[in-house]
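Here is the structure we will look at, set down as structure tokens.
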There are 2 protein chains.
Amino acid sequence: MATIRDVATRSGVSTATVSYVLNNGPRTVRPRTQARVLAAMRELNYHPSAMARGLNHKRVNSIGVVTLHSVQSPLENPYYRPVLSGIVDAATRLRQSVNLFNGNVWESESSDFPVFCDGRCDGLLIFLPYVGNTLIPALKNQTAPFVIIGEGGTDPTVSSIDIDNVAVAREIVGHLIGFGHRRIAHFQGADYLLSSADRRLGYTEALAAAGIPFDPALVLTGDYETPSGYDLARTLFETAGEKPTAIFAANDRMAVGAIKALRELGLDVPRDVSVAGIDCSSHPDIPGTRLTSGDQHLMQLGETAVTMVMELINSAEPRIIKTLQPYDIVPGDTVGPPLIRA
Amino acid sequence: MATIRDVATRSGVSTATVSYVLNNGPRTVRPRTQARVLAAMRELNYHPSAMARGLNHKRVNSIGVVTLHSVQSPLENPYYRPVLSGIVDAATRLRQSVNLFNGNVWESESSDFPVFCDGRCDGLLIFLPYVGNTLIPALKNQTAPFVIIGEGGTDPTVSSIDIDNVAVAREIVGHLIGFGHRRIAHFQGADYLLSSADRRLGYTEALAAAGIPFDPALVLTGDYETPSGYDLARTLFETAGEKPTAIFAANDRMAVGAIKALRELGLDVPRDVSVAGIDCSSHPDIPGTRLTSGDQHLMQLGETAVTMVMELINSAEPRIIKTLQPYDIVPGDTVGPPLIRA
DNA sequence: TTGAAAGCGCTAACAT
DNA sequence: ATGTTAGCGCTTTCAA
């Protein structure tokens with residue numbers, strides 16, 4: 001590869017001049033000289049080294065995206081994918097490249113050596129850090145700014161973007177109550193994610209607001225994955241006890257799993273049981289059925305996350321930005337009035 | 001950020017020693033000294049700079065992925081996504097980060113300044129370079145090795161991975177012929193992609209092998225996108241002339257578009273018209289229907305592409321690797337025997 | 001077993 | 001308007 005020296009020699013100027021031509025400033029170069037330099041660059045097929053430049057002005061125009069969870073393949077996950085799409089789109093528009101890291105691999109390797117903050121990214125987007133992870137504390141001790149996606153929680157010392165999990169859960173349970181349901185089960189997410197507790201809180205708040213007594217037997221813990229929703233539904237409907245007329249699953253995948261289980265048990269959704277989730281993600285397992293859900297506008301969320309981290313990067317002093325993404329309750333085919341028992 | 005100097009000062013050794021501790025060699029360091037250095041690194045929360053290291057040994061452990069086409073969002077594209085998944089998975093396993101570039105943006109900006117080969121990636125994976133693009137020629141003049149995904153074509157001077165487009169098309173058309181079809185339309189892809197011509201060639205070869213005369217009126221040109229398949233099907237079936245009993249679409253998206261159109265026209269698939277595609281990608285537009293298609297094993301293709309580029313990166317002298325990915329014809333619900341006219 | 005110092009390719013203050 | 005040169009943070013040869 002040709003270096004700036006080669007170009008300088010070839011065009012008979014100093015490296016400084018070449019550099020100024022390269023960057024269109026900050027110094028002005030005589031047009032004739034400039035032309036000579038440009039010609040030399042072309043002839044030598046010269047491309048400035050990102051490494052050398054980065055070493056100087058500490059800026060590489062790349063943002064890192066870390067998926068901390070051991071998600072098999074982030075791109076196949078209905079939550080990650082739209083967010084990532086939004087990130088890639090926004091970053092591209094802003095001329096930033098996107099650096100993907102599968103965090104759990106890097107973390108397990110040597111937890112105190114996060115390659116993604118070794119200068120190859122100007123800033124980081126961290127997906128769903130689970131409760132008790134070691135990355136976030138480590139990240140606080142270094143200079144690359146970062147934004148947490150989906151699990152900012154109550155920590156006021158980190159920048160984050162999320163929906164208001166309590167509110168969206170409250171509203172969607174309210175939606176079920178509005179249809180006349182009083183016996184509503186909740187399939188909550190894994191407890192190592194803060195959102196699980198938040199959505200559960202929204203659920204209890206909605207019940208309380210409607211004067212419906214809370215029944216702990218109706219709250220079952222899953223893990224945000226489809227099979228867990230399936231298993232919980234089977235457990236709930238195959239064992240003895242009074243059945244719920246509706247299920248609020250903490251996300252769409254669990255809701256879809258539940259619907260599959262219910263159908264296998266000969267129950268109709270929503271005639272026999274209503275089901276609602278959160279995410280408005282795609283769910284190929286129940287073709288033709290539109291799940292009642294809370295739309296997090298995940299792509300938009302990814303785009304906003306990029307603008308946030310860019311702001312942090314461009315900001316002189318360290319800052320904390322907290323964003324709550326607006327959401328919408330989207331009625332689908334899976335919620336109806338409760339069945340009146342004979 | 002602490003530098004290697006800070007660590008050296010703090011532990012009372014030279015920067016050289018710190019470097020050797022950092023890399024576990026090539027020189028051996030006395031255990032006591034090493035311990036002191038490690039302690040200092042920990043205390044200072046030291047992380048070596050990727051830029052500075054890269055500047056020396058020209059290796060950053062990152063592979064670049066360039067999507068040249070103006071795909072809205074690569075992650076939402078049923079061809080790109082599984083390949084990308086495979087890439088991310090394989091790269092992660094090999095401890096490489098993945099750098100995503102939306103090539104058409106970078107290219108349009110200043111076609112002679114490809115940031116993705118400025119040293120921030122050790123090697124590149126290039127998606128579907130269209131015929132006549134300026135990137136590939138430019139890439140040949142620089143040192144970063146690259147592998148072309150999906151459009152290696154006949155150029156023997158570039159490394160590439162693809163399926164045998166002629167063969168897969170020939171086989172799938174053979175599959176249709178096997179059902180008794182003799183009047184088979186072909187919706188071909190955009191002509192700026194080599195695969196379009198290849199698949200079309202496979203189509204004509206299959207016809208020839210079966211002694212079926214080629215009818216140019218049955219070959220229509222789309223662009224690999226769903227709407228084009230829809231439009232072509234409407235055109236074909238709404239205008240006068242003898243209708244085909246089957247359609248071979250050059251990819252699944254066009255096939256799906258065609259099926260939608262046929263259904264709107266009151267035609268049943270496969271009773272009235274059989275339809276086959278290529279890709280085995282997901283297609284939410286025809287829920288419940290399994291499209292007869294040729295499986296390219298796209299995730300696998302992405303994984304193999306990564307191992308290929310890693311081989312090129314690790315190879316001392318420049319090499320060219322050509323890989324043909326195995327494929328399978330996957331029978332679905334959309335192909336049946338032709339309707340016998342009264 | 002360790003230190004000193006010369007680069008890697010570029011930028012930008014300091015000269016002229 | 002342009003050249004000189006001292007770094008950026010690290011690796012590695014050459015010395016000790």
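Below, read A as the first sequence line, B as the second, and so on, with proteins coming before strands; counting in each chain starts at 1. Keep in mind the model is a prediction, meaning the values are calculated, not measured.
Between D:dG9 and A:Lys58, a contact under 4.0 Å exists linking OP1 or OP2 to a side-chain N or O. Regarding contacts with the backbone of D:dT12, every side-chain N or O of B:Asn56 stays at 4.0 angstrom or more from both OP1 and OP2. Contact between the side-chain N/O atoms of B:Tyr46 and the OP1/OP2 oxygens of D:dC10 is found at a separation under 4.0 Å. Taking side-chain N and O atoms only, A:Arg30 has a distance below 4.0 Å to OP1 or OP2 of D:dT2. Side-chain nitrogen and oxygen atoms of B:Ser49 include none within less than 4.0 Å of the OP1 or OP2 phosphate oxygen of D:dG9. Between A:Arg53 and the phosphate of C:dG9, there is no side-chain N or O to OP1/OP2 separation shorter than 4.0 Å. The side chain of B:Thr33 places no N or O atom within less than 4.0 Å of a non-bridging phosphate oxygen (OP1 or OP2) of C:dT1.
Whole-Å rounding puts the B:Asp6 CG to D:dC8 P distance at 11 Å. Separating the CG atom of A:Asp118 from the C1' atom of D:dC8 is a distance of 15 Å, rounded to the nearest angstrom. Atom NE2 of A:His47 is separated from atom C1' of C:dC10 by 16 Å (rounded to the nearest Å). When the P atom of C:dT1 is taken as reference, atom OH of B:Tyr20 falls 14 Å away, rounded to whole Å. One atom, CE of A:Met51, and another, P of D:dC8, lie 19 Å apart when rounded to the nearest Å. Counting to the nearest Å, the C1' atom of D:dA1 and the CZ atom of A:Arg36 are 12 Å from each other. Rounded to whole Å, the distance from CG on A:Leu55 to C1' on D:dG7 is 9 Å. Residue B:Arg5 contributes atom CZ, which lies 12 Å from atom C1' of C:dG3 at whole-angstrom precision.
Within the 4.0 angstrom heavy-atom criterion, no nucleotide atom of any strand lies near B:Val18. Using a 4.0 Å heavy-atom criterion, one finds that B:Ser19 contacts the bases of the nucleic acid, with or without backbone contacts as well.
Salt-bridge check for B:Arg10 with B:Glu43: passed, with a basic side-chain N closer than 4.0 Å to an acidic carboxylate O.
The CG atom of A:Asn99 sits 10.5 Å away from atom CG of A:Asp122, with the distance rounded to the nearest 0.5 Å.
Residue B:Ala52 places its side chain closer to D:dC10 than to any other of C:dA4, C:dC10, D:dC10.
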(request) Applying salt bridge (charged side-chain N to carboxylate O under 4.0 Å, His left out), run through B:Lys322 and B:Asp155 and close with a yes or a no. (result) CA-CA 10 Å; B:Lys322 291 272 184 192; B:Asp155 186 341; 5.9 Å; no
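With hydrogens and angles ignored, no donor-acceptor pair under 3.5 angstrom links the side chain of B:Arg27 to the base of D:dT12.
The backbone N or O of B:Ala50 sits nowhere less than 3.5 Å from a side-chain atom of A:Arg120 that would complete a donor-acceptor pair.
Nearer the 5' end of DNA chain C, as judged by each residue's closest nucleotide, is the contact made by B:Thr15, out of B:Thr15 and A:Ile4.
Scanning for side chain to side chain contact (heavy atoms under 4.5 Å, CB included) contacts around B:Thr304 gives B:Ile161, B:Gln300, B:Thr307, B:Met308, B:Thr323, B:Gln325, with sequence neighbours left out.
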